[in-house]
Novice: 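Below you will find the structure I want to go over with you.
As a basis for the values below, the full set of heavy atoms in this structure was taken, side chains included, without hydrogen atoms, waters or symmetry mates. Remember, it's 1-based here, ligands and their atoms both numbered in the order they're listed.
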Amino acid sequence: MRIQQITLRELPLPLREPFRISSGVVSERRIFLLELRDADGTVEWSECVAGEHPNYTSETVETAWMAITSWLAPRVLGVDFASPADVAPALDRDLRGHSMAKAAIEMGSWGLTARRSGVSLSHLLGGTRDRIITGISLGIQANPDALVARARAARADGYQKIKLKIMPGKDVEYVGAVREALGPDAHIMADANSAYTLAQADHLAKLDAFDLIMIEQPLGQDDLVRHAALQRRLSTPICLDESITSLDRAEDMLTLGSGRIINIKPGRVGGFSVSKAIHDTCERANVPVWCGGMLESGVGRAYNVALASLPNFKLPGDLSPSARYWERDIVTPEWTMDSDGMVRVPRDKPGIGVTVDVDRIDNLTVRREVIRA
Ligand code: OSB
Ligand code: MG
């Protein structure tokens, strides 16, 4: 593989409804796409999942755009890579941070390689699943009744896991109302996006009463030590999201007992090579993983679906179908969910398995930059 040209594009895509987490709200995603062109003319698309504001990680669309154009793209353009596994080390050498920017190129290299080889991305990664168990992530609502209504609708749609965003003041009462409404068999979890401190451990322990499958990232975004202390006080398993930024941090979690589950988002850890390494390490340690989401368009979703087809992705992913997010997605076919809450892995199609609707993207694009070898 030798990437000759990378085209960056930004296109605003309004969410069907605003998505609120403890640290902020987004109503319109700034979708950030890369189009990678190989020396042999093959093209594949990837997505940079950086946010509008630095409220989830420190990266944003602006910082990622700068990192890719100034530092990262020049490291891969015109360079022969025997394997996409060689791309991450080339991007990481003496270049700290910027994981989502790196991941957009690194994952694109896997997509491009799959496309060139005529195999599906899932096959190239070593995936084994044909269908992914699917969950939904419900944003913070104005009151418990509004959340219950959305949770009921999600259950009726077939989602196999319902994740409730929480924050201080919108937690025990909200989660309790959903458990009460859906009954004891529903798979429910909560995600705090770092909204609590260890001083609130007694309060968080009240969530143990609701038999949640996990609580995601209750404490600091870079914390492992306090999560270990909190895990000793909770019966509910802690799942780490923000805190796991590398294979080292995943190993630290296992060593310290900071959690029992990992949400792998390939953008957060710098791409597929690290995602696979975390997956393999967790598999050996008997720790299940699942694939999180960043409100991706159908392009980013293709990468998440391929990753989630690896065997230790044992829990439902935040991989909802296109219609949960968008009036209309930018890929054909759109991502759909079967009535039993499963998303199909396009293992019979080359590359990422969906086609980008280029005419539509051209109309939506508000910023474009081409970089050549
Ligand atoms: O914490 O998992 C999170 C979206 C933006 C930032 C952080 C998170 C999320 C989600 C969305 O939960 C999941 C999805 O894409 O459906
Ligand atoms: Mg999360």
Side-chain angles (χ1 to χ4, degrees), residues 13 15-32 47-61 64 99-100 103 132-141 147 150-151 154 157 159-167 188-196 212-223 227 237-245 253 259 261-269 289-305 307-308 315-326 329 335 337 341 343:
L13 212 55
L15 287 161
R16 289 177 71 166
E17 81 177 19
F19 187 76
R20 181 178 297 279
I21 68 176
S22 60
S23 57
V25 60
V26 52
S27 324
E28 184 172 83
R29 270 300 257 147
R30 291 172 66 177
I31 298 296
F32 181 176
E47 179 165 349
C48 178
V49 301
E52 290 70 30
H53 300 284
N55 65 315
Y56 168 72
T57 72
S58 61
E59 289 186 270
T60 67
V61 173
S99 298
M100 292 174 177
I132 310 297
I133 329 167
T134 301
I136 189 170
S137 174
L138 297 176
I140 292 169
Q141 304 294 323
L147 183 62
R150 278 168 179 77
D157 286 343
Y159 288 104
Q160 297 205 31
K161 182 187 79 180
I162 299 177
K163 165 164 137 179
L164 313 172
K165 292 288 187 179
I166 57 167
M167 63 188 284
I188 304 171
M189 62 170 289
D191 184 359
N193 289 105
S194 298
Y196 298 86
L212 302 179
I213 50 179
M214 67 191 99
I215 174 166
E216 187 176 339
Q217 196 71 34
L219 307 182
Q221 122 266 340
D222 54 0
D223 177 80
H227 276 113
I238 290 177
C239 167
L240 293 182
D241 173 353
E242 285 91 328
S243 290
I244 306 299
T245 50
M253 179 196 102
I261 300 170
I262 293 181
N263 166 349
I264 300 182
K265 294 181 184 172
R268 194 192 63 228
V269 302
V289 304
W290 55 280
C291 185
M294 289 294 294
L295 310 172
E296 290 90 348
S297 78
V299 175
R301 199 156 309 283
Y303 285 86
N304 289 347
V305 166
L307 180 65
L315 295 162
D318 282 346
L319 300 169
S320 306
S322 301
R324 182 266 184 278
Y325 308 94
W326 322 110
D329 207 334
W335 294 95
M337 181 173 76
V343 167

Novice: So, is Phe19 polar-close to ligand 1, with some N/O to N/O distance under 3.5 Å?
Specialist: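 There is no such contact.
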Novice: Output, in order, the C-alpha distance, side-chain angles, deciding distance and verdict of side chain to side chain contact (heavy atoms under 4.5 Å, CB included) for Asn263 and Arg268.
Specialist: CA-CA 10 Å; Asn263 166 349; Arg268 194 192 63 228; 4.1 Å; yes
Novice: Does an N or O anywhere in Ser320 fall below 3.5 Å from an N or O of ligand 1?
Specialist: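 Between Ser320 and ligand 1 (N or O atoms, distance only) the closest approach is not under 3.5 Å.
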Novice: Please examine the side chains of Arg29 and Phe19, heavy atoms only from C-beta on, and report whether any two atoms are closer than 4.5 Å.
Specialist: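 No, too far: nothing below the 4.5 Å cut-off.
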Novice: Among Thr57, Asp241, Asn304, find the residue that satisfies the side-chain hydrogen bond (donor to acceptor under 3.5 Å, both in side chains) test when tested with Lys265.
Specialist: Asp241
Novice: With heavy-atom distances below 4.5 Å as the criterion, would you say the side chains of Pro18 and Val26 are in contact?
Specialist: no
Novice: The test is salt bridge (charged side-chain N to carboxylate O under 4.0 Å, His left out); show your working for Glu17 and Arg150 and say whether it passes.
Specialist: CA-CA 12 Å; Glu17 81 177 19; Arg150 278 168 179 77; 2.9 Å; yes
Novice: Has ligand 1 got any nitrogen or oxygen that is less than 3.5 angstrom from a nitrogen or oxygen of Asp191?
Specialist: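 So ligand 1 has an N or O lying under 3.5 Å from an N or O of Asp191.
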Novice: Are any of the N/O atoms on Tyr56, whether in the backbone or the side chain, positioned under 3.5 angstrom from an N/O atom of ligand 1?
Specialist: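 No, since none of the N or O atoms of Tyr56 sits under 3.5 Å from an N or O of ligand 1.
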Novice: The Mg ion (ligand 2) to Asp318: any N/O/S contact under 2.8 Å?
Specialist: no
Novice: For Asn193, which part has a heavy atom under 4.0 Å from ligand 1: side chain, backbone, both, or neither?
Specialist: side chain
Novice: Taking C-beta and beyond as the side chain, do Leu315 and Met214 meet within less than 4.5 Å on heavy atoms?
Specialist: yes
Novice: Measure from the Mg ion (ligand 2) to each N, O or S atom of Glu216 and report whether any distance is below 2.8 Å.
Specialist: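 Given the 2.8 Å cut-off, Glu216 counts as a ligand of the Mg ion (ligand 2).
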Novice: Under 4.0 Å from a heavy atom of Asp241: which atoms of ligand 1 are those, numbered in the order shown and with their elements?
Specialist: 1 (O), 2 (O), 3 (C)
Novice: Please check whether Tyr325 reaches ligand 1 - meaning an N/O of the residue sits under 3.5 Å from an N/O of the ligand, judged on distance alone.
Specialist: yes
Novice: Distance to 0.1 Å, residue and atom name: give those for the protein heavy atom nearest to atom 9 (C) of ligand 1.
Specialist: Gly293 O, 3.6 Å
Novice: Measuring only between side-chain heavy atoms, which start at C-beta, is Arg324 closer than 4.5 Å to Ile136?
Specialist: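 The answer is yes, as the side chains (C-beta and beyond) meet within the 4.5 Å cut-off.
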Novice: Report yes if some heavy atom in the side chain of Ser297 is under 4.5 Å from a heavy atom in the side chain of Asp329; otherwise report no.
Specialist: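 Side chain of Ser297 against side chain of Asp329, heavy atoms only: contact under 4.5 Å found.
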Novice: Quick one: report the N, O or S atom of Asp241 that is nearest to the Mg ion (ligand 2).
Specialist: OD2
Novice: So do Leu147 and Leu138 actually touch side chain to side chain, heavy atoms under 4.5 Å?
Specialist: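 Yes, close enough: below the 4.5 Å cut-off.
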Novice: Within the 4.0 Å heavy-atom shell around Ser137, which atoms of ligand 1 are there?
Specialist: 10 (C), 11 (C), 12 (O), 13 (C)
Novice: Restricting to N, O or S atoms of Asp191, which is nearest to the Mg ion (ligand 2)?
Specialist: OD2
Novice: Compute the shortest N/O to N/O distance between Asn263 and ligand 1 and return yes if it is under 3.5 Å, no if not.
Specialist: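 The answer is no, given that Asn263 and ligand 1 share no N or O pair closer than 3.5 Å.
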Novice: Looking at side-chain heavy atoms only, is the closest gap between Lys165 and Ser137 below 4.5 Å?
Specialist: yes
Novice: For ligand 1, is Gln217 a contact, meaning one of its heavy atoms is under 4.0 Å away?
Specialist: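 The answer is no, since Gln217 has no heavy atom less than 4.0 Å from ligand 1.
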Novice: In sequence, state the C-alpha distance, the side-chain angles, and the governing distance for Glu216 and Lys163, and then conclude on salt bridge (charged side-chain N to carboxylate O under 4.0 Å, His left out).
Specialist: CA-CA 9 Å; Glu216 187 176 339; Lys163 165 164 137 179; 3.0 Å; yes
Novice: Applying a strict 4.0 Å limit to heavy atoms, is Lys165 in contact with ligand 1?
Specialist: yes
Novice: Checking a contact table here: which protein heavy atom is nearest atom 7 (C) of ligand 1, and how many Å away?
Specialist: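 Protein heavy atom at minimum distance: Lys265 NZ, 3.5 Å.
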Novice: Looking at side-chain heavy atoms only, is the closest gap between Trp290 and Cys239 below 4.5 Å?
Specialist: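 Counting from C-beta outward, Trp290 and Cys239 do come under 4.5 Å.
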Novice: What atoms in ligand 1 come closer than 4.0 Å to a heavy atom of Met294?
Specialist: 6 (C), 15 (O)
Novice: Within the 4.0 Å heavy-atom shell around Glu216, which atoms of ligand 1 are there?
Specialist: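 Under 4.0 Å from Glu216, ligand 1 has these atoms: 2 (O).
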Novice: Suppose we measure from atom 15 (O) of ligand 1 to each protein heavy atom; which comes out shortest, and what is that distance?
Specialist: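 Ranking protein heavy atoms by distance from atom 15 (O) of ligand 1, first comes Leu295 N, 2.9 Å.
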